[in-house]
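One structure is given below, encoded as structure tokens.
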Amino acid sequence: MRYPGRTHVFASCQGIMTKMKTLVFLGSVRESTPPRPMRLGARVAKACALQLSEMGIEVEIVDPLEIDQTPPFKPHFAYSASRVPADLRGVAAKIGAADAYVAVSPEYNHSMSPALANLLNHFGSSLFSYKPSAIVTYSAGQWGGARAAVNMRTFLSELGCLPVSAMVHVPHAQDVLVDNGTFAADVDEERWKGYFGGTFRQLAWWAEAAKAQHQVTSPTEAFTRDPSQRNAP
Ligand SMILES: Cc1cc2nc3c(=O)[nH]c(=O)nc-3n(C[C@H](O)[C@H](O)[C@H](O)COP(=O)(O)O)c2cc1C
């Protein structure tokens, strides 16, 4: 099946067509320099959103700077239902309604960013589970965050949104992307779009497969939910 130019729609059991929904998690809250430029992650998240929109996929960026994550750390699932703060309730609803996720992280000390881990730690795996994710990393240097991507696989797998095998790494992101998330004039835009698209086409394929299977068997009926039930005998 060819994906470019195709609008990703699902037929629900009532025959109503709905667009595939993807959330892009922006993994930086850095508002200071050095290093320059500041918060490259905004460009990379916008680039992901643009490529996904061009594939006909509904997409929204989740920006941790726009969400009240008041310290001390208290995740969404630690509140009684009636007391969940509005910001957390809103993002939780979006995570539950999304079909797929894109996790955008800079590399900080060869690891995924603490801002992304903190954002995702606020939400339980039941919201993410049995849906796919894509890993997108970037850096100002030459490795494009590839080392951060390694531990993002384990993190996202534990959340239950399994990462697809293809990944996007953007080295020298400050030279590849401009502020609005489009490609810089002197890079090969078609090659970059093909590179992002390879990962996002896998994401869309898995999201369609998972959505179809959700309608055959509900994961909550098919699998045990108490973590202790996963223990070895
Ligand atoms: C605390 C910190 C640690 C960093 N560690 C790495 C690193 O391990 N590898 C790397 O390639 N770049 C590293 N960098 C450089 C970042 O790739 C670069 O600053 C990038 O712009 C960060 O993304 P952001 O601007 O969206 O926060 C680090 C930057 C910071 C602030």
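Every value quoted in this text rests on a predicted model; they were computed, and no experiment measured them.
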Flag yes if [X] and [Y] sit in one hydrophobic cluster, no otherwise; membership is Ile, Leu, Val, Met, Phe, Trp, Tyr, and two members link when side-chain heavy atoms are under 4.5 Å apart.
X    : Y    : result
V59  : I135 : no
I67  : I61  : no
V29  : V24  : no
V170 : F183 : yes
M167 : V44  : no

Any heavy-atom pair between the side chains of [Y] and [X] that's under 4.5 Å?
X    : Y    : result
R43  : L40  : yes
V164 : T199 : yes
Y138 : S28  : yes
N118 : F73  : yes
M152 : S105 : yes
L162 : W206 : no
E54  : F196 : no

Where the side chain of [X] meets the backbone of [Y], is there a donor-acceptor pair that is under 3.5 Å apart?
X    : Y    : answer
D99  : A207 : no
N121 : A117 : yes
H122 : P75  : no
Y195 : H169 : yes
K74  : Y79  : no
H76  : V91  : no
R201 : M55  : no
E58  : K19  : no

Discussion item. Are more than 12 heavy atoms, taken from residues, nucleotides or ligands other than W192, located less than 6.0 Å from that residue's CH2 atom?
Written reply: yes

Ignoring hydrogens, what is the shortest heavy-atom contact between [X] and [Y]? Give both atom names and the distance.
X    : Y    : answer
A134 : L203 : N-CD1, 3.7 Å
P132 : A210 : CD-CB, 4.5 Å
D175 : D186 : O-OD1, 4.3 Å
S133 : C161 : OG-O, 2.8 Å
S139 : G144 : OG-N, 3.1 Å
F123 : L127 : CB-CD1, 4.0 Å

To the nearest 0.5 Å, how far apart are [atom1] in [X] and [atom2] in [Y]?
X    : Y    : atom1 : atom2 : value
T22  : I57  : OG1   : CD1   : 5.0 Å
I95  : K21  : CD1   : NZ    : 14.0 Å
L50  : K193 : CG    : NZ    : 8.0 Å
Y101 : K131 : OH    : NZ    : 3.0 Å
L88  : Q69  : CG    : CD    : 7.5 Å
Y108 : R147 : OH    : CZ    : 15.0 Å

Discussion item. So if I apply the side-chain contact (heavy atoms from CB on, under 4.5 Å) rule between L26 and each of V104, L65, L116, D63, which one comes out positive?
Written reply: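 One option only clears the test, and that one is D63.
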
Worksheet item: Should L159 and L120 be marked as a side-chain contact (heavy atoms from CB on, under 4.5 Å) after you check the CA-CA gap, both sets of side-chain angles, and the distance that decides it?
Response: CA-CA 9 Å; L159 268 186; L120 297 180; 4.1 Å; yes

Discussion item. Please tell me whether T137 and E107 have a donor and an acceptor in their side chains that are separated by less than 3.5 angstrom.
Written reply: no

Worksheet item: Are S111 and N109 close enough that a side-chain donor and a side-chain acceptor fall under 3.5 Å?
Response: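 There is no such pair between these side chains.
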
Discussion item. One pair to check against side-chain contact (heavy atoms from CB on, under 4.5 Å): F200 and V102. What are the steps and the verdict?
Written reply: CA-CA 9 Å; F200 293 156; V102 177; 4.0 Å; yes

